[in-house]
Amino acid sequence: MPRASSTHTPLGLPEQQLMDIVAEGLQEICFKDRGCSAHGLLVGLTDIDYLDVDY
C-alpha cells in the first residue's frame with residue numbers, strides 16, 4: 001500500500017498515522033459490524049483530499 005508523505009496534520013500527527021486511524025475506524029464500524037462480520041477484512045486509505053463526516 002502506498003504511504004503518504006511524512007507531513008504532519010494540524011493535530012500534530014503524521015498524515016499516515018491519521019489515515020491509519022480513520023481506516024481502522026471505518027473498517028470496524030462500517031465493514032466489520034463492530035467485529036461481528038467480515039473477519040480478516042483490512043481497509044486502507046490512500047491519498048485523501050477531503051473527508052467530511054457527520055453523525
Side-chain angles (χ1 to χ4, degrees):
M1 178 180 308
R3 292 304 219 180
S5 65
S6 63
T7 60
H8 284 73
T9 66
L11 298 175
L13 296 172
E15 190 173 304
Q16 184 60 49
Q17 184 179 1
L18 190 57
M19 287 191 342
D20 291 345
I21 291 168
V22 170
E24 185 175 346
L26 288 172
Q27 171 182 289
E28 293 301 320
I29 301 302
C30 296
F31 299 105
K32 288 189 170 184
D33 191 25
R34 294 179 172 88
C36 295
S37 64
H39 301 285
L41 176 73
L42 297 176
V43 173
L45 300 176
T46 59
D47 199 27
I48 299 173
D49 289 329
Y50 181 81
L51 179 64
D52 184 13
V53 179
D54 186 24
Y55 56 96

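Positions are given from 1, in the same order as the sequence printed here.
Between the CG atom of Leu45 and the CD1 atom of Ile21 there is a distance of 11.5 Å, given to the nearest 0.5 Å.
Contact record, Gly44 with Ala23: CA-CB, 4.2 Å, taken as the closest heavy-atom pair.
Hydrophobic cluster membership is shared by Leu26 and Met19, with clusters built from Ile, Leu, Val, Met, Phe, Trp and Tyr side chains linked at under 4.5 angstrom.
With sequence neighbours left out, Leu42 forms a side chain to side chain contact (heavy atoms under 4.5 Å, CB included) with Gln27.
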